Amino acid sequence: MMRRYTSKFINWHLGLRNLSFSMVGCEAESYYASRNSKCQGFFSGHLNGSMPKAYATYCAKLPEDPQSTNLASDMLIDSFGRMHTYLRISLTERCNLRCQYCMPAEGVELTRSPQLLSQDEIVHLANLFVSSGVDKIRLTGGEPTIRKDIEDICLQLSNLKGLKTLAMTTNGITLARKLPKLKECGLTSLNISLDTLVPAKFEFLTRRKGHERVMDSINAAIDCGYNPVKVNCVVMRGFNDDEICDFVELTHNKPINVRFIEFMPFDGNVWNVKKLVPYSEMLDRVGKQFPSLKRLQDHPADTAKNFRIDGHLG
(Lines give C-alpha, C1' and ligand atoms only; values in the text may rest on other atoms or scores of the structure.)
Protein backbone atom coordinates (compact mmCIF):
# COMPACT_ATOMS: atom_id res chain seq x y z
CA MET A 1 0.00 0.00 0.00
CA MET A 2 2.75 2.39 0.94
CA ARG A 3 4.55 2.00 -2.39
CA ARG A 4 1.36 2.33 -4.38
CA TYR A 5 0.44 5.64 -2.73
CA THR A 6 3.97 6.94 -3.09
CA SER A 7 4.13 6.09 -6.75
CA LYS A 8 0.92 7.99 -7.40
CA PHE A 9 2.20 10.95 -5.41
CA ILE A 10 5.44 11.23 -7.37
CA ASN A 11 3.99 10.62 -10.80
CA TRP A 12 1.17 13.10 -10.27
CA HIS A 13 3.25 15.95 -8.86
CA LEU A 14 6.61 15.64 -10.61
CA GLY A 15 6.53 14.28 -14.11
CA LEU A 16 10.29 13.75 -13.92
CA ARG A 17 12.20 11.56 -16.35
CA ASN A 18 13.19 8.11 -15.11
CA LEU A 19 12.71 8.99 -11.46
CA SER A 20 13.14 6.10 -9.06
CA PHE A 21 11.72 6.31 -5.56
CA SER A 22 11.47 3.85 -2.69
CA MET A 23 10.34 3.90 0.92
CA VAL A 24 11.98 1.63 3.45
CA GLY A 25 11.20 0.62 7.01
CA CYS A 26 12.65 2.27 10.09
CA GLU A 27 13.96 -0.79 11.93
CA ALA A 28 17.12 -0.80 9.78
CA GLU A 29 19.05 1.98 8.11
CA SER A 30 18.89 1.18 4.40
CA TYR A 31 21.22 2.57 1.83
CA TYR A 32 20.53 3.09 -1.84
CA ALA A 33 23.55 2.22 -3.91
CA SER A 34 24.39 1.97 -7.55
CA ARG A 35 26.74 -0.85 -8.33
CA ASN A 36 29.61 1.52 -7.66
CA SER A 37 28.61 3.08 -4.37
CA LYS A 38 29.10 1.96 -0.80
CA CYS A 39 26.27 -0.10 0.61
CA GLN A 40 27.21 -1.00 4.16
CA GLY A 41 25.24 -0.50 7.34
CA PHE A 42 24.89 -1.53 10.95
CA PHE A 43 22.07 -4.04 10.62
CA SER A 44 21.33 -2.43 7.27
CA GLY A 45 19.59 -3.52 4.13
CA HIS A 46 20.32 -2.27 0.64
CA LEU A 47 18.61 -1.41 -2.60
CA ASN A 48 20.38 -1.96 -5.89
CA GLY A 49 19.74 -0.07 -9.12
CA SER A 50 21.34 1.55 -12.10
CA MET A 51 20.72 5.21 -11.41
CA PRO A 52 20.40 7.63 -8.48
CA LYS A 53 17.32 7.24 -6.33
CA ALA A 54 15.73 9.22 -3.57
CA TYR A 55 14.16 7.36 -0.72
CA ALA A 56 13.09 7.91 2.84
CA THR A 57 14.05 6.09 5.99
CA TYR A 58 13.73 6.71 9.73
CA CYS A 59 10.33 7.09 11.24
CA ALA A 60 8.57 9.29 13.71
CA LYS A 61 5.70 8.52 16.06
CA LEU A 62 2.34 9.59 14.72
CA PRO A 63 0.36 12.24 16.59
CA GLU A 64 -2.34 11.13 19.02
CA ASP A 65 -4.98 12.81 16.89
CA PRO A 66 -5.01 11.29 13.39
CA GLN A 67 -6.88 14.34 12.12
CA SER A 68 -3.76 16.45 12.74
CA THR A 69 -1.90 14.63 9.94
CA ASN A 70 -2.52 16.29 6.59
CA LEU A 71 -3.12 14.44 3.34
CA ALA A 72 0.40 14.98 2.05
CA SER A 73 1.94 13.53 5.21
CA ASP A 74 -0.21 10.43 4.81
CA MET A 75 1.92 9.66 1.78
CA LEU A 76 4.87 9.11 4.13
CA ILE A 77 3.07 6.65 6.41
CA ASP A 78 3.73 2.96 5.81
CA SER A 79 1.40 0.02 6.41
CA PHE A 80 2.68 -0.29 10.00
CA GLY A 81 1.56 3.25 10.81
CA ARG A 82 5.05 4.77 10.82
CA MET A 83 5.70 8.20 9.32
CA HIS A 84 9.06 8.41 7.57
CA THR A 85 10.81 11.74 8.01
CA TYR A 86 14.34 11.10 6.68
CA LEU A 87 15.09 11.35 2.97
CA ARG A 88 18.31 10.18 1.32
CA ILE A 89 19.23 11.48 -2.12
CA SER A 90 22.03 9.94 -4.16
CA LEU A 91 23.54 12.81 -6.15
CA THR A 92 25.86 10.79 -8.39
CA GLU A 93 27.16 7.33 -9.18
CA ARG A 94 30.69 8.63 -9.63
CA CYS A 95 33.38 8.16 -7.00
CA ASN A 96 37.04 9.13 -6.73
CA LEU A 97 37.93 5.94 -4.82
CA ARG A 98 37.73 2.27 -5.81
CA CYS A 99 37.15 0.55 -2.48
CA GLN A 100 37.50 -3.21 -2.85
CA TYR A 101 34.25 -3.97 -1.03
CA CYS A 102 32.43 -1.40 -3.15
CA MET A 103 33.40 -1.52 -6.82
CA PRO A 104 35.81 -3.15 -9.27
CA ALA A 105 39.17 -1.52 -9.98
CA GLU A 106 38.10 -0.44 -13.47
CA GLY A 107 34.95 1.20 -12.17
CA VAL A 108 31.46 0.56 -13.52
CA GLU A 109 29.32 1.65 -16.42
CA LEU A 110 27.76 4.99 -15.55
CA THR A 111 24.25 6.20 -16.26
CA ARG A 112 24.08 8.83 -18.99
CA SER A 113 23.74 12.37 -17.69
CA PRO A 114 20.31 13.07 -19.26
CA GLN A 115 18.89 10.27 -17.10
CA LEU A 116 20.21 11.71 -13.84
CA LEU A 117 18.35 14.17 -11.65
CA SER A 118 19.23 17.79 -12.38
CA GLN A 119 19.73 20.33 -9.61
CA ASP A 120 16.26 21.77 -10.16
CA GLU A 121 14.69 18.30 -10.07
CA ILE A 122 16.51 17.40 -6.85
CA VAL A 123 15.31 20.58 -5.14
CA HIS A 124 11.77 20.17 -6.47
CA LEU A 125 11.61 16.57 -5.29
CA ALA A 126 13.06 17.44 -1.88
CA ASN A 127 10.60 20.31 -1.46
CA LEU A 128 7.67 17.95 -2.01
CA PHE A 129 8.94 15.64 0.70
CA VAL A 130 9.74 18.42 3.17
CA SER A 131 6.30 19.94 2.66
CA SER A 132 4.91 16.46 3.42
CA GLY A 133 6.71 16.05 6.74
CA VAL A 134 10.32 15.07 5.98
CA ASP A 135 12.66 17.11 8.23
CA LYS A 136 16.05 15.51 7.49
CA ILE A 137 17.82 15.05 4.16
CA ARG A 138 21.11 13.21 3.62
CA LEU A 139 23.14 13.65 0.44
CA THR A 140 25.03 10.55 -0.68
CA GLY A 141 26.61 9.08 -3.82
CA GLY A 142 28.88 7.74 -5.17
CA GLU A 143 30.81 10.65 -3.76
CA PRO A 144 28.53 13.72 -3.47
CA THR A 145 31.36 16.27 -3.25
CA ILE A 146 32.47 15.61 -6.83
CA ARG A 147 29.28 17.19 -8.16
CA LYS A 148 30.22 20.64 -9.42
CA ASP A 149 26.95 22.11 -8.17
CA ILE A 150 27.13 20.61 -4.66
CA GLU A 151 27.29 24.02 -2.94
CA ASP A 152 24.27 25.30 -4.86
CA ILE A 153 22.32 22.14 -4.07
CA CYS A 154 23.09 22.52 -0.36
CA LEU A 155 22.12 26.18 -0.38
CA GLN A 156 18.76 25.54 -2.00
CA LEU A 157 17.94 22.52 0.14
CA SER A 158 18.90 24.26 3.39
CA ASN A 159 16.42 27.04 2.57
CA LEU A 160 13.47 24.65 2.38
CA LYS A 161 10.95 25.61 5.02
CA GLY A 162 10.58 22.82 7.57
CA LEU A 163 13.94 21.14 6.95
CA LYS A 164 15.85 20.76 10.24
CA THR A 165 18.93 18.77 9.19
CA LEU A 166 20.93 18.68 5.96
CA ALA A 167 23.54 15.93 6.21
CA MET A 168 26.13 14.40 3.90
CA THR A 169 28.01 11.11 3.75
CA THR A 170 31.41 11.54 2.07
CA ASN A 171 34.76 9.80 1.69
CA GLY A 172 36.49 13.05 2.65
CA ILE A 173 38.96 13.15 -0.24
CA THR A 174 37.95 16.62 -1.48
CA LEU A 175 35.91 17.70 1.53
CA ALA A 176 38.43 19.86 3.45
CA ARG A 177 38.73 22.60 0.83
CA LYS A 178 35.00 22.67 0.15
CA LEU A 179 33.79 22.48 3.74
CA PRO A 180 33.79 26.18 4.70
CA LYS A 181 31.57 26.97 1.71
CA LEU A 182 29.36 23.93 2.31
CA LYS A 183 28.77 25.00 5.90
CA GLU A 184 27.99 28.52 4.71
CA CYS A 185 25.46 26.95 2.33
CA GLY A 186 23.66 25.17 5.17
CA LEU A 187 25.26 21.73 5.56
CA THR A 188 24.60 20.82 9.21
CA SER A 189 25.83 17.25 9.68
CA LEU A 190 28.67 15.07 8.37
CA ASN A 191 29.52 11.39 8.11
CA ILE A 192 33.05 10.72 6.83
CA SER A 193 34.00 7.21 5.74
CA LEU A 194 37.37 5.90 6.98
CA ASP A 195 38.11 2.20 7.36
CA THR A 196 41.73 2.31 8.52
CA LEU A 197 44.17 4.60 10.29
CA VAL A 198 47.12 3.10 8.41
CA PRO A 199 47.95 4.93 5.14
CA ALA A 200 49.31 1.81 3.40
CA LYS A 201 46.16 -0.17 4.24
CA PHE A 202 44.02 2.74 3.04
CA GLU A 203 45.77 2.70 -0.34
CA PHE A 204 45.38 -1.08 -0.58
CA LEU A 205 41.66 -0.98 0.24
CA THR A 206 40.70 2.04 -1.87
CA ARG A 207 43.22 1.51 -4.71
CA ARG A 208 44.01 5.20 -4.35
CA LYS A 209 46.16 7.47 -2.20
CA GLY A 210 44.43 9.98 0.03
CA HIS A 211 44.53 8.89 3.68
CA GLU A 212 46.06 12.18 4.78
CA ARG A 213 43.37 14.14 2.95
CA VAL A 214 40.63 12.22 4.74
CA MET A 215 42.25 12.90 8.12
CA ASP A 216 42.56 16.56 7.14
CA SER A 217 38.84 16.60 6.34
CA ILE A 218 37.95 15.12 9.73
CA ASN A 219 40.02 17.78 11.49
CA ALA A 220 38.63 20.51 9.23
CA ALA A 221 35.10 19.46 10.14
CA ILE A 222 35.96 19.73 13.84
CA ASP A 223 37.54 23.14 13.27
CA CYS A 224 34.38 24.28 11.43
CA GLY A 225 32.32 23.44 14.49
CA TYR A 226 30.65 20.20 13.46
CA ASN A 227 29.85 18.32 16.65
CA PRO A 228 29.84 15.45 16.47
CA VAL A 229 31.80 14.49 13.38
CA LYS A 230 30.68 10.97 12.55
CA VAL A 231 33.30 8.57 11.19
CA ASN A 232 31.96 5.44 9.47
CA CYS A 233 34.23 2.39 9.70
CA VAL A 234 33.38 -0.89 7.97
CA VAL A 235 35.06 -3.60 10.06
CA MET A 236 36.57 -6.58 8.19
CA ARG A 237 38.32 -9.48 9.85
CA GLY A 238 41.96 -9.78 8.92
CA PHE A 239 42.09 -6.25 7.55
CA ASN A 240 41.17 -3.62 10.13
CA ASP A 241 39.60 -5.48 13.05
CA ASP A 242 42.88 -4.97 14.92
CA GLU A 243 42.25 -1.20 14.77
CA ILE A 244 38.88 -1.14 16.54
CA CYS A 245 40.28 0.23 19.80
CA ASP A 246 42.53 2.65 17.90
CA PHE A 247 39.40 4.13 16.35
CA VAL A 248 37.83 4.35 19.80
CA GLU A 249 40.83 6.41 20.92
CA LEU A 250 39.88 9.03 18.30
CA THR A 251 36.90 9.87 20.51
CA HIS A 252 39.04 10.67 23.55
CA ASN A 253 39.97 14.30 22.92
CA LYS A 254 37.86 15.14 19.88
CA PRO A 255 34.09 15.33 19.26
CA ILE A 256 34.18 12.31 16.95
CA ASN A 257 31.50 9.63 16.92
CA VAL A 258 32.90 6.41 15.47
CA ARG A 259 30.30 4.21 13.83
CA PHE A 260 31.49 0.62 13.50
CA ILE A 261 29.64 -1.06 10.66
CA GLU A 262 29.33 -4.78 10.05
CA PHE A 263 30.67 -5.98 6.70
CA MET A 264 27.55 -6.95 4.78
CA PRO A 265 26.98 -8.70 1.47
CA PHE A 266 25.67 -7.13 -1.71
CA ASP A 267 26.11 -7.85 -5.40
CA GLY A 268 29.71 -7.62 -6.53
CA ASN A 269 31.60 -7.10 -3.26
CA VAL A 270 32.83 -10.73 -2.95
CA TRP A 271 31.46 -11.04 0.55
CA ASN A 272 32.80 -13.80 2.77
CA VAL A 273 31.40 -14.73 6.15
CA LYS A 274 34.95 -15.22 7.40
CA LYS A 275 35.48 -11.46 7.00
CA LEU A 276 32.48 -10.62 9.17
CA VAL A 277 33.14 -9.26 12.65
CA PRO A 278 29.74 -9.26 14.37
CA TYR A 279 28.57 -6.44 16.61
CA SER A 280 28.80 -8.62 19.71
CA GLU A 281 32.49 -9.31 19.10
CA MET A 282 33.27 -5.63 18.47
CA LEU A 283 31.50 -4.69 21.70
CA ASP A 284 33.38 -7.34 23.65
CA ARG A 285 36.76 -6.08 22.38
CA VAL A 286 35.99 -2.46 23.22
CA GLY A 287 34.55 -3.35 26.63
CA LYS A 288 37.66 -5.27 27.64
CA GLN A 289 39.99 -2.35 26.87
CA PHE A 290 37.60 0.37 28.06
CA PRO A 291 35.78 -0.93 31.18
CA SER A 292 33.85 2.34 31.60
CA LEU A 293 31.96 1.72 28.34
CA LYS A 294 28.31 2.57 28.91
CA ARG A 295 25.19 2.02 26.84
CA LEU A 296 23.32 5.22 25.97
CA GLN A 297 19.62 5.77 25.47
CA ASP A 298 18.99 5.71 21.73
CA HIS A 299 16.61 7.97 19.88
CA PRO A 300 13.59 5.96 18.62
CA ALA A 301 14.78 6.54 15.04
CA ASP A 302 18.41 5.54 15.63
CA THR A 303 19.70 2.67 13.55
CA ALA A 304 22.79 2.00 15.67
CA LYS A 305 23.45 1.09 19.29
CA ASN A 306 25.17 4.02 21.00
CA PHE A 307 27.81 3.91 23.71
CA ARG A 308 30.08 6.32 25.57
CA ILE A 309 33.31 5.95 27.51
CA ASP A 310 33.91 8.01 30.64
CA GLY A 311 36.19 10.95 29.94
CA HIS A 312 35.83 10.76 26.15
CA LEU A 313 34.45 13.73 24.21
CA GLY A 314 33.05 11.60 21.39
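These figures come from a predicted structure and were not determined experimentally.
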Any side-chain heavy-atom pair of [X] and [Y] under 4.5 Å:
X    : Y    : result
H252 : L313 : no
H84  : D78  : yes
P255 : Y226 : no
V214 : I192 : yes
L87  : R138 : no
M282 : E262 : yes
N191 : T170 : no
N257 : T251 : no

Atom pair [atom1]/[atom2] of [X] and [Y] - distance to nearest 0.5 Å:
X    : Y    : atom1 : atom2 : answer
D135 : T85  : CG    : OG1   : 4.5 Å
Q156 : D120 : CD    : CG    : 6.5 Å
I218 : L250 : CD1   : CG    : 7.0 Å
C233 : I244 : SG    : CD1   : 7.5 Å
N171 : D195 : CG    : CG    : 10.5 Å
T165 : Y86  : OG1   : OH    : 9.5 Å

Shared hydrophobic cluster for [X] and [Y] (ILVMFWY, side-chain gaps under 4.5 Å):
X    : Y    : answer
L293 : F247 : yes
V198 : F204 : no
L155 : F129 : no

Provide the closest heavy-atom pair for [X] versus [Y] in the form atom of the first, atom of the second, distance.
X    : Y    : answer
L190 : A221 : CD1-CB, 3.8 Å
P144 : G141 : CD-N, 3.9 Å
R308 : G314 : NH1-O, 3.3 Å
G210 : I173 : O-CD1, 3.8 Å
I309 : S292 : CG2-OG, 3.3 Å
L76  : S132 : CD1-O, 3.4 Å

(request) Could you check C154 against L166 for side chain to side chain contact (heavy atoms under 4.5 Å, CB included), going step by step and ending with a plain yes or no? (result) CA-CA 8 Å; C154 286; L166 179 60; 4.0 Å; yes

(request) Using only heavy-atom distances, determine whether the side chains of D298 and N306 contain a donor-acceptor pair under 3.5 Å. (result) yes

(request) For the residue pair T92 and E143, confirm or rule out a side-chain donor-acceptor distance under 3.5 Å. (result) no

(message) Per the side-chain hydrogen bond (donor to acceptor under 3.5 Å, both in side chains) rule, what does the pair list look like for residues 211-222, sequence neighbours excluded?
(response) N219-K254

(message) Does R112, at its CZ atom, have more than 12 non-hydrogen atoms belonging to other residues, nucleotides or ligands within less than 6.0 Å?
(response) no

Under 3.5 Å donor-acceptor, [X] side chain and [Y] backbone:
X    : Y    : result
R147 : L91  : yes
R237 : D241 : no
D284 : S280 : no
E243 : L197 : yes

(request) Report the C-alpha distance between V277 and F263 in whole Å, list the side-chain angles of each, state the deciding distance to 0.1 Å, and finish with yes or no for side chain to side chain contact (heavy atoms under 4.5 Å, CB included). (result) CA-CA 7 Å; V277 181; F263 180 45; over 6 Å; no

(request) Mind running side chain to side chain contact (heavy atoms under 4.5 Å, CB included) on F202 and L194 for me, showing each step along the way? (result) CA-CA 8 Å; F202 178 92; L194 180 66; 4.1 Å; yes

(request) May I ask you to decide if the ring planes of F307 and Y279 are parallel, tilted or perpendicular, using 30° and 60° as cut-offs? (result)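 Answer is tilted, since the angle falls between 30° and 60°.
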
(message) Please determine whether side chain to side chain contact (heavy atoms under 4.5 Å, CB included) holds for the pair I146 and C95, giving the CA-CA distance in whole Å, both sets of side-chain angles, and the decisive distance to 0.1 Å.
(response) CA-CA 8 Å; I146 65 177; C95 187; 5.6 Å; no

(request) Mind checking side chain to side chain contact (heavy atoms under 4.5 Å, CB included) for A126 and listing every partner two or more places apart, or none if nothing turns up? (result) I89, I137, L157, L160

(request) Evaluate the salt bridge (Lys or Arg N to Asp or Glu O under 4.0 Å) criterion for residues R207 and E203: first the C-alpha distance (whole Å), next the side-chain angles of each, then the deciding distance (0.1 Å), finally the verdict. (result) CA-CA 5 Å; R207 303 185 180 101; E203 186 174 346; over 6 Å; no

(message) Test salt bridge (Lys or Arg N to Asp or Glu O under 4.0 Å) on D242 and R285; report intermediate values, then the result.
(response) CA-CA 10 Å; D242 60 331; R285 292 194 194 186; over 6 Å; no

Tabulate below the donor-acceptor pairs under 3.5 Å that side-chain atoms of residues 177-187 make, not counting sequence neighbours, or state none.
| from | atom 1 | to | atom 2 | distance (Å) |
| --- | --- | --- | --- | --- |
| K178 | NZ | T145 | O | 2.3 |
| K183 | NZ | C224 | O | 2.1 |

